[in-house]
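Data block below; observations after.
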Amino acid sequence: MKTASYAAQSATSPMAPHTIERRELRPDDVGIEILYCGVCHSDLHMARNDWGRAMYPVVPGHEIVGRVTAIGPDVKKFKLGDHVAVGCFVDSCQHCDQCHHGNEHMCREILTETYNGRDRVTGETTYGGYAKHIVVKDDFVLRMPDGLDLARAAPLLCAGITTYSPLRTWNVGPGSRVGVVGLGGLGHMAVKLAVGMGAHVTVLSRSKAKEADALALGADRLLDTSDAKALKAAANGFDVIIDTVPVKHDINPYIPLLDIDATLVLVGQLGNMDELFTVPAIMGRRRIAGSMIGGIPETQEMLDFCARRNILPDCEMIRMDQINEAFERMERSDVRYRFVIDMASL
């Protein structure tokens with residue numbers, strides 16, 4: 001099936017209209033009309049080949065909300081008309097230990113990414129959600145809970161699960177003391193989710209400029225990390241710190257803020273970091289960990305949790321033909337806090 005999309009043809013070309021071909025349904029496939037697609041910073045990185053592995057043309061988009069329009073004969077979990085979602089991957093080996101434990105995102109074999117991946121059957125390049133339609137294996141399609149605003153839910157499929165997973169992994173709950181570094185697309189979701197779990201939440205920022213925003217999102221306070229006296233007073237004050245900053249930066253000021261056996265979780269920066277001073281980590285048995293997205297069961301759990309607590313990203317809706325402007329604004333951090341494309345505009 002040929003379908004309309006937007007694609008980057010090279011690292012230097014703008015996103016532009018492009019026609020792609022989706023495969024015919026296999027017995028366990030679900031055909032989806034895409035209603036909304038979130039815009040992730042990863043989309044920009046891949047379109048511009050910042051990681052050196054783009055396969056052009058690149059059709060980005062891994063925060064997908066849509067409606068079921070076709071099902072293969074073996075599909076039992078979905079029916080025509082269901083509202084569904086697709087996240088960052090569309091297949092895995094499904095037989096390794098991690099897949100069996102619901103950690104498909106940590107598949108021991110090659111994970112098939114929603115875009116810029118390789119179809120496990122044909123080897124063809126996968127294309128993402130900046131398109132009218134997508135075909136996905138049923139085991140990798142998520143159910144959209146009733147009551148969750150479809151127009152705002154798309155960023156939950158990446159920003160939401162990226163911050164939900166470490167909060168669950170490190171057992172955040174009522175009374176937990178959570179710090180969030182960075183108040184962008186990931187950071188604002190970390191604040192909302194931690195608040196929803198009953199935690200006492202502090203935004204860690206280099207100035208007081210975002211204090212009003214932090215409090216409006218539900219945080220209990222903002223800690224100005226440029227204030228040496230305030231940092232010293234906050235020592236040993238956190239059980240978990242979620243660091244969402246997407247560029248190289250110094251994490252050393254945050255480590256003494258952790259209590260004994262507490263954890264700093266990196267979810268933003270992919271690549272080198274500033275040199276680590278290990279004394280606070282060793283003396284306090286403090287941990288520095290990383291986390292990515294989550295598996296299918298945990299992502300469904302996150303969607304259901306957000307529906308129960310009415311937790312949604314703060315979004316700005318755009319048309320498909322505004323994507324290049326949106327990319328430029330993302331580079332300037334000029335968005336509060338996620339872009340979502342209304343795919344009816346394509």
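These numbers come from the heavy atoms of this one structure, side chains and all, not from hydrogens, waters or symmetry mates.
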Could you go through Leu156 and Met189, starting from their C-alpha distance and side-chain angles, then the distance that decides it, and tell me whether this counts as side-chain contact (heavy atoms from CB on, under 4.5 Å)? CA-CA 8 Å; Leu156 295 176; Met189 282 308 309; 3.5 Å; yes

Looking at [atom1] of [X] and [atom2] of [Y], how far apart are the two atoms once the value is rounded to the nearest 0.5 Å?
X: Asn324; Y: Tyr6; atom1: CG; atom2: OH; result: 7.5 Å
X: Ser5; Y: Lys132; atom1: OG; atom2: NZ; result: 12.0 Å
X: Gln269; Y: Ile251; atom1: CD; atom2: CD1; result: 11.0 Å

Side chains of Gln300 and Asp304 only: does a donor on one sit below 3.5 Å from an acceptor on the other? yes

Say whether Asn236 and Arg286, considering side chains only, have a donor N or O and an acceptor N or O under 3.5 Å apart. yes

Is Trp51 isolated, or which residues cluster with it under the ILVMFWY side-chain rule of less than 4.5 Å, directly or via members? Met46, Tyr56, Val58, Tyr115, Leu270

Solution key, residues 191-202 side-chain donor-acceptor pairs under 3.5 Å, sequence neighbours excluded:
residue : atom : partner : partner atom : Å
Lys192  : NZ   : Leu312  : O            : 2.7
Lys192  : NZ   : Asp314  : OD1          : 2.6
Thr202  : OG1  : Arg221  : NE           : 3.1

Check the pair Val340 / Val65 against side-chain contact (heavy atoms from CB on, under 4.5 Å), numbers first and verdict last. CA-CA 10 Å; Val340 174; Val65 172; over 6 Å; no

Charged N to carboxylate O below 4.0 Å: is that the case for [X] and [Y]?
X: Arg108; Y: Asp97; value: yes
X: Lys77; Y: Asp139; value: yes
X: Arg22; Y: Asp29; value: no
X: Arg120; Y: Glu109; value: yes

Which word best sums up how the rings of His105 and Phe89 line up, parallel for under 30°, tilted for 30 to 60°, or perpendicular for over 60°? parallel

Is it the case that one hydrophobic cluster holds both [X] and [Y], taking links as side-chain heavy atoms less than 4.5 Å apart, direct or via other members?
X: Val75; Y: Leu25; value: no
X: Met273; Y: Val247; value: yes
X: Ile255; Y: Val178; value: no
X: Leu223; Y: Leu183; value: no
X: Val245; Y: Leu276; value: yes

Just wondering, do [Y] and [X] contact through their side chains at under 4.5 Å, heavy atoms?
X: Phe238; Y: Leu264; answer: no
X: Ile296; Y: Leu142; answer: yes
X: Tyr36; Y: Ile341; answer: no
X: Met343; Y: Leu35; answer: no
X: Lys210; Y: Val203; answer: no
X: Val180; Y: Thr163; answer: no
X: Glu316; Y: Arg329; answer: yes
X: Arg168; Y: Pro166; answer: no

For Glu24, give me all partners under side-chain contact (heavy atoms from CB on, under 4.5 Å), at least two apart in sequence or on another chain. none

Glu33 and Thr69: CA distance, side-chain angles, deciding distance, side chain to side chain donor-acceptor pair (under 3.5 Å) verdict: CA-CA 6 Å; Glu33 176 191 4; Thr69 56; over 6 Å; no

Polar side-chain atom of [X] near backbone of [Y] as donor-acceptor pair, under 3.5 Å:
X: Gln322; Y: Arg319; value: yes
X: Thr162; Y: Cys158; value: yes
X: Asn103; Y: Met106; value: no
X: Asn116; Y: Met55; value: yes
X: Ser205; Y: Asp224; value: no
X: Asp250; Y: Asn252; value: yes
X: His188; Y: Gly185; value: yes
X: Arg152; Y: Pro313; value: yes
X: Thr114; Y: Gly87; value: yes
X: Asp239; Y: Ala262; value: no

How close do [X] and [Y] get, counting heavy atoms only, and between which atoms?
X: Ala4; Y: Leu346; answer: O-CD2, 3.5 Å
X: Glu63; Y: Leu157; answer: CA-CB, 3.9 Å
X: Cys107; Y: Cys96; answer: CA-SG, 3.9 Å
X: Ile64; Y: Gly128; answer: CD1-C, 4.4 Å
X: Glu21; Y: Lys2; answer: OE1-NZ, 3.2 Å
X: Phe327; Y: Ala47; answer: CE2-CB, 4.2 Å

Taking only residues two or more places apart in sequence or in another chain, which ones pass side-chain hydrogen bond (donor to acceptor under 3.5 Å, both in side chains) with Thr263?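 Trp170, Arg287.
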
Pairing residues for Arg206 by the side-chain hydrogen bond (donor to acceptor under 3.5 Å, both in side chains) criterion, not counting sequence neighbours: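 Applying side-chain hydrogen bond (donor to acceptor under 3.5 Å, both in side chains) to Arg206 gives none.
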
Apply side-chain contact (heavy atoms from CB on, under 4.5 Å) to the pair His83 and Leu150, showing each step before the final yes or no. CA-CA 8 Å; His83 288 128; Leu150 300 179; 3.6 Å; yes

Worked verdict on Gln94 versus Phe140 for side-chain contact (heavy atoms from CB on, under 4.5 Å): CA-CA 11 Å; Gln94 296 189 284; Phe140 295 85; 3.7 Å; yes

Does anything in residues 38-52 pair up under salt bridge (Lys or Arg N to Asp or Glu O under 4.0 Å), and if so which pairs, sequence neighbours excluded?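 Only Arg48-Glu331 qualify under salt bridge (Lys or Arg N to Asp or Glu O under 4.0 Å).
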
